[in-house]
Amino acid sequence: MLTRKQHELICFINDRLADSGVSPSFEEMKEALDLKSKSGVHRLISALEERQFIRRLPNRARALEVLRMPDRPEPARKAKTAAPTAAGNVRSMPQPANDVIEIPLHGRIAAGVPIEAFEDHAMLAVPAALLGGGEHYALEVAGDSMVDAGILDGDYALIRRTDVARDGEIVVALIEDSEATLKYFRREGAMIRLDPANRAYDPQRYDPRQVRVQGKLAGLLRRYD
């Protein structure tokens with residue numbers, strides 16, 4: 001299911017391709033959707049790619065292909081009244097599971113080079129279905145070193161508190177008790193290696209005494225402007 005802005009964008013791209021055979025520019029998409037910046041367009045394009053509605057054609061500027069269009073939204077239906085049972089009693093209709101809980105939001109965390117860890121926090125409302133057992137907190141992602149893992153700048157990383165991790169898990173690592181970063185956790189001989197998910201960045205290696213695991217990635221929240 002697409003957000004309203006995602007739906008507007010894919011319809012705009014599809015209409016432009018049908019009219020001229022050429023994809024609209026990012027500036028045209030920004031103006032058509034009344035967005036404040038092109039970064040919002042990039043996020044929408046990435047989301048549509050992830051959901052396999054569009055794809056970017058390699059080695060061609062401004063080249064987008066619409067793979068499929070979303071289904072038309074169903075018209076709003078009138079709420080059903082409770083159905084009477086054979087005995088004449090009223091049977092309750094099941095209610096949707098839409099519980100929301102608040103978890104601490106601990107500032108921004110680097111998905112590139114480490115940045116200072118934040119202690120002060122606000123609260124972030126999160127659908128309970130995104131969280132499993134245990135204690136959780138959220139961090140706003142800063143940087144692009146985890147993009148190949150689907151973690152983008154501006155996302156909210158939902159973290160389950162733990163101080164242990166297995167190789168290959170995405171963790172919040174606190175380095176020398178002052179800097180925090182979001183990376184893949186791996187052991188390399190006597191060292192701890194923190195791997196990015198972006199070839200533009202190099203792995204970071206530390207003595208185990210320099211690194212403390214603060215939690216593991218449990219989920220993501222993403223806003224679409």
Side-chain angles (χ1 to χ4, degrees), residues 1-3 5-6 9-10 13 23-27 29-30 33 35-67 105-118 124 126 130 136-160 165-175 179-186 188 192-206 211 213-225:
M1 183 175 181
L2 299 183
T3 66
K5 286 293 186 183
Q6 292 167 9
L9 181 59
I10 193 171
I13 294 171
S23 304
S25 67
F26 276 75
E27 182 65 29
M29 288 186 273
K30 178 177 77 74
L33 273 67
L35 298 175
K36 294 180 180 179
S37 67
K38 293 180 184 178
S39 63
V41 176
H42 282 282
R43 287 196 293 271
L44 292 171
I45 290 289
S46 296
L48 290 170
E49 279 189 296
E50 289 174 7
R51 290 160 176 78
Q52 298 183 337
F53 282 96
I54 65 172
R55 73 182 179 103
R56 304 186 213 214
L57 301 178
N59 304 319
R60 291 173 58 188
R62 286 180 51 182
L64 296 172
E65 179 183 8
V66 175
L67 300 177
L105 174 60
H106 290 284
R108 288 169 67 81
I109 186 171
V113 296
I115 60 174
E116 183 180 357
F118 286 79
L124 179 69
V126 177
L130 292 181
H136 293 78
Y137 62 93
L139 293 162
E140 185 178 0
V141 175
D144 62 356
S145 78
M146 296 298 288
V147 294
D148 290 342
I151 303 172
L152 309 182
D153 182 72
D155 285 352
Y156 290 105
L158 309 179
I159 308 298
R160 182 171 66 85
R166 294 178 294 185
D167 279 12
E169 292 182 322
I170 298 176
V171 305
V172 174
L174 188 64
I175 300 167
E179 297 174 328
T181 190
L182 188 69
K183 293 289 183 291
Y184 283 109
F185 177 90
R186 290 187 172 87
E188 187 177 66
I192 297 296
R193 193 180 81 216
L194 302 177
D195 286 346
N198 184 334
R199 293 182 181 179
Y201 294 86
D202 295 324
Q204 304 163 8
R205 293 174 174 84
Y206 298 97
V211 178
V213 173
Q214 299 284 281
K216 297 190 293 188
L217 183 69
L220 284 174
L221 280 180
R222 181 169 298 160
R223 293 177 304 187
Y224 297 99
D225 297 330

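Atom set for the values below is all heavy atoms of this structure, side chains included, hydrogens, waters and symmetry mates excluded.
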Straight-line distance of L182 CG to I151 CD1, nearest 0.5 Å: 5.0 Å
Interatomic distance, H136 atom NE2 to K216 atom NZ [nearest 0.5 angstrom]: 10.0 Å
Please examine the side chains of V126 and Y156, heavy atoms only from C-beta on, and report whether any two atoms are closer than 4.5 Å. no
Are the side chains of V172 and Y137 in touch, meaning some heavy atoms are under 4.5 Å apart? yes
Taking all non-hydrogen atoms of both residues, which atom of A197 and which atom of A149 are closest, and how far apart? CB-N, 3.7 Å
Judged by atom type as modelled, is there a donor-acceptor pair below 3.5 Å linking the side chain of K5 to the main-chain atoms of L33? yes
Once you round to the nearest 0.5 Å, how far does CG of L139 lie from CD1 of I109? 4.5 Å
I159 and Q214: CA distance, side-chain angles, deciding distance, side chain to side chain contact (heavy atoms under 4.5 Å, CB included) verdict: CA-CA 9 Å; I159 308 298; Q214 299 284 281; over 6 Å; no
Point-to-point distance, once rounded to the nearest 0.5 Å, from CD1 of I54 to CD1 of I10: 6.5 Å
Strictly below 4.0 Å, N to O, side chains only: are R222 and D155 in salt-bridge contact? yes
How far apart are the closest heavy atoms of A218 and R160, and which atoms are they? CB-N, 4.2 Å
Hey, does Q6 have a side-chain heavy atom less than 4.5 Å from the side chain of L44? yes
Pairwise distance CG(L35) to NZ(K30) - rounded to 0.5 angstrom: 8.0 Å
Keeping N198 on the side-chain end and M146 on the backbone end, is there a donor-acceptor pair under 3.5 Å? no
Consider side-chain contact (heavy atoms from CB on, under 4.5 Å). Of V147, D144, L220, which one does L152 pass it with? V147
Which atom names give the shortest non-hydrogen contact between G168 and Y184, and what distance separates them? O-CD2, 3.3 Å
To the nearest 0.5 Å, atom CG of L194 lies from atom CZ of F185 at 7.5 Å
Could you go step by step and tell me if M29 and L64 meet the side chain to side chain contact (heavy atoms under 4.5 Å, CB included) rule? CA-CA 12 Å; M29 288 186 273; L64 296 172; 4.3 Å; yes
Is the count of non-hydrogen atoms from other residues, nucleotides or ligands lying under 6.0 Å from Q52 atom CD greater than 12? no
Tightest non-hydrogen contact, residues G143 and D153, listed as N-OD1, 2.8 Å
